[in-house]
Amino acid sequence: MYALVDGNAFYVSCERVMDPKLEGRPVIVLSNNDGCAVARSNEAKALGIGMGDPYFKVKHLERSAGLIALSSNYALYGDMSARVLEVLRRYTPRVEPYSIDESFLDWSGVELGGLRDLAAASRAAVRKWTGIPTCVGIGKTKTLAKVANKLAKKALPAAEGICLLAGPELQELLAALPVGDVWGVGPATAAKVQALGVSTAEDLRRLDRRLARQVLGVLGQKIVDELNGLSCMPLEEVPPPRKSLAVTRTFGRGVEQWEGVSEALVAFTSRAGEKLRGQGLVASYVRVFLNGDRFGPTDGYFSRSAGVSLPQPSGDTGVLVAAAVSAGQQLWQPGRVCRRAGVVLDGLYPAAIAPAGLFGEGDGPRRQALMAAVDGLNRKMGAGTVGLAGAGIAGRRVWATTSAKRTPCYTTRWTDLPAVRA
DNA sequence: TCTGGGGTCCTAGGACCC
DNA sequence: TCTGGGGTCCTAGGACCC
């Protein structure tokens, strides 16, 4: 059996561990750029705030209902996530960290009768040692464990955050779950299967697997199989090596000039290069995309992307920037209003094993030393201290991000340690 | 005024090769 | 008269996830 353990309103819970005054109050954590709500306390959900609701639409609740909105603090959440993992590993060595707030556990050796107690014990331990409340879903496959977790959430607090999806009531429970709540079934897939008369998870389980393959592709077939208890997604204890890395931003307003777009591409690529080198990687492919305003009039919307293969995998910002700007130039069309752009580095290798050219081309030692010096300065003196020319002037950048309500890095920065008065 | 960002996987079509 | 077919690789785009 698999278990899926996930933190309830994880980001909000992390903030509450550090600031107990947030308990019992409507709290949301905002996405990057303070754009929309990505985590909501139960009190915030009760105010009618939905997942992904834009901040400007719920801001009025700060005054009228005591809503507290916080910028996201990934240093804190990442650290809390590692602590939760550490506790879970005491309950089985077979753990797959799935996202910052979710892990799959392999409990295949455990007897059916003992699963609920084990779930309760691990849940209590996580709460005790990290302060994070969780829900545990248990099922025969990962997909069923995800379903069970969703059911455990819906049944809070009555079911005490645990749902064991097995036995005769399984079909009944699946029948109560809309098909769109199944892991891997998004809006497009839900619409497709609804045309076939499938509206619940139970309907999907009964769908002919060949039909699922035909209509939904291999992924759809896997989902149907997994709902039927046939495991096709093994536990991945070791995370696979990263394949791509991106820096993307929505601009504060539309950009109509190529100069503005190219400044953004230089800045994004510089940041992407830092991330790349920080992980000891090199990239072999640089892709750029430009988008219009997805909330604007539909006839003005556009979405284009183009990529450039590098002759040699590189971690050199100069090489990456040249590629990104040339890809951007291919995409740019005068008269279009650009609202979002991004740089994606693909085909990543560890720098140490990157294939060298026949004549030893690639990033030379002098360029590597330069990049190391630039990264060192930016780490020490603050992001953006040194960089390539062409990234625009700070303060006039339309892609500047805001995080006006960020809490301190309580657990990862000495100067931000919380003070305790006794 | 104000609507996120960073990932993965799959598919389809074209280029190319034999 | 009658002009192959199968494989791989690359790229762009779609869908989904958190």
Side-chain angles (χ1 to χ4, degrees), chain A residues 4 6-7 9-11 28-39 49-60 69 71-72 74 77-78 81 97-104 142-143 146 149-150 180-193 213-223 232-233 236 239-254 268 271-272 275-276 279 284-296 302-309 327 330-331 339-348 398-399 401-404:
Chain A
L4 180 77
D6 89 326
F10 183 68
Y11 297 170
I28 57 173
V29 173
L30 302 170
S31 63
N32 284 339
N33 223 5
D34 290 351
C36 42
V38 290
I49 300 176
M51 184 65 178
D53 277 2
Y55 178 41
F56 74 88
K57 283 191 180 169
V58 299
K59 197 175 190 328
H60 65 96
S71 302
S72 34
Y74 289 103
Y77 313 149
S81 175
Y98 174 65
S99 76
I100 195 164
D101 72 326
E102 287 175 64
S103 294
F104 286 104
K142 280 185 176 179
T143 302
K146 283 284 276 189
N149 183 274
K150 188 143 280 190
D181 280 1
V182 175
W183 191 35
V185 178
T189 305
K192 270 190 205 165
V193 294
R213 172 73 178 86
Q214 198 187 320
V215 179
L216 307 175
V218 291
L219 231 59
Q221 188 177 48
K222 274 190 184 178
I223 292 171
C232 348
M233 304 179 188
E236 291 177 19
R242 170 199 290 275
K243 293 183 170 168
S244 73
L245 175 163
V247 176
T248 71
R249 292 284 177 279
T250 298
F251 302 145
R253 56 182 158 79
F268 297 175
R271 177 71 192 116
K275 285 194 195 175
L276 187 70
Q279 298 176 38
S284 34
Y285 194 77
V286 181
R287 191 172 44 244
V288 165
F289 68 80
L290 304 180
N291 290 168
D293 181 357
R294 68 193 168 108
F295 299 102
F302 70 100
S303 170
R304 297 169 47 107
S305 83
V308 170
S309 280
Q330 286 176 46
L331 295 175
R339 195 58 201 281
R340 195 165 96 91
V343 173
V344 184
L345 305 183
D346 251 319
L348 308 187
V398 293
W399 63 88
T401 55
T402 53
S403 50

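This structure is a prediction, so every number in the text was calculated from the model and none was measured. Just so we're on the same page: letters track the sequence lines, and every chain starts at 1.
- Using a 4.0 Å cut-off, some side-chain N or O of A/Lys243 falls inside it from OP1 or OP2 of B/dC9.
- Separation of the P atoms belonging to C/dC18 and B/dT3 is 24 Å when rounded to the nearest angstrom.
- Backbone-only contact: A/Val182 has heavy atoms under 4.0 Å from sugar-phosphate atoms and none from a base.
- Base pairing of B/dT11: its partner is C/dA12, meeting the Watson-Crick or G-U wobble criterion (both donor-acceptor distances under 3.5 Å).
- Put simply, A/Tyr285 has a side-chain N or O that comes within less than 4.0 Å of OP1 or OP2 on C/dA12.
- Closest of all the heavy-atom pairs between A/Thr402 and A/Asn33 is N-OD1, 3.0 Å.
- Relative to the side chain of A/Ser305, the nucleotides C/dC17, B/dG4, C/dA12 differ in distance, and C/dA12 lies closest.
- A/Arg294 places its CZ atom 8 Å from the C1' atom of B/dG4, with the value rounded to the nearest Å.
- Separating the OG1 atom in A/Thr250 from the CZ atom in A/Phe295 is a distance of 8.5 Å, to the nearest 0.5 Å.
- Among the nucleotides B/dG4, C/dC18, C/dT11, the one closest to the side chain of A/Tyr74 is B/dG4.
- One finds a side-chain N or O of A/Thr189 lying less than 4.0 angstrom from the OP1 or OP2 phosphate oxygen of C/dC16.
- Side chain of A/Asn32, nearest nucleotide from C/dA15, C/dC18, B/dG5: B/dG5.
- Taking only side-chain atoms of A/Ala246, from C-beta outward, the nucleotide of B/dG6, C/dA15, B/dC10 with the closest atom is B/dG6.
- At the heavy-atom level, A/Pro240 lies nowhere under 4.0 Å from the strands shown.
- The number of heavy atoms from other shown groups lying within 6.0 Å of NZ (A/Lys222) does not exceed 12.
- From A/Phe251, atom CZ reaches atom CZ of A/Arg340 across 10.0 Å, with rounding to the nearest 0.5 Å.
- Contact annotation: A/Ser31 side-chain N/O to B/dG6 OP1/OP2 distance is not under 4.0 Å.
- With C/dC16, B/dC2, B/dG4 as the candidates, the nucleotide lying closest to the side chain of A/Phe56 is B/dC2.
- Counting non-hydrogen atoms of neighbouring residues, nucleotides and ligands closer than 6.0 angstrom, the NZ atom of A/Lys243 reaches no more than 12 such neighbours.
- Listed nucleotides B/dG7, C/dC17, B/dT11 differ in distance to A/Val218; the shortest reach to its side chain belongs to B/dT11.
- In this structure, A/Lys146 does not reach the C/dC16 phosphate: none of its side-chain N or O atoms is under 4.0 Å from OP1 or OP2.
- Nucleic acid contact for A/Asp53: none, since no nucleic acid atom lies under 4.0 Å from a heavy atom of the residue.
- Within the 4.0 angstrom heavy-atom criterion, no nucleotide atom of any strand lies near A/Leu30.
- Atom CE of A/Met51 sits about 11.0 Å away from atom CD1 of A/Ile28, to the nearest 0.5 Å.
- Of the side-chain N and O atoms in A/Ser244, none sit less than 4.0 angstrom from OP1 or OP2 of B/dG6.
- Proximity note for A/Arg339 (side chain, C-beta onward) versus B/dG7, C/dC17, B/dC2: the nearest is B/dC2.
- The shortest distance between the side-chain N/O atoms of A/Thr250 and the OP1/OP2 oxygens of B/dG5 is below 4.0 Å.
- Counting non-hydrogen atoms under 4.0 angstrom, A/Ser303 reaches nothing in the nucleic acid.
- Nucleotide C/dA12 holds its C1' atom 16 Å from the CZ atom of A/Phe302, rounded to whole Å.
- Within the structure, a side-chain polar atom (N or O) of A/Arg249 is placed less than 4.0 Å from OP1 or OP2 of B/dG6.
- Residue A/Arg242 has a polar side-chain atom (N or O) positioned under 4.0 Å from OP1 or OP2 of B/dG7.
- Base pairing analysis places C/dC18 opposite B/dG5; the two distances defining the Watson-Crick or G-U wobble pair are each below 3.5 Å.
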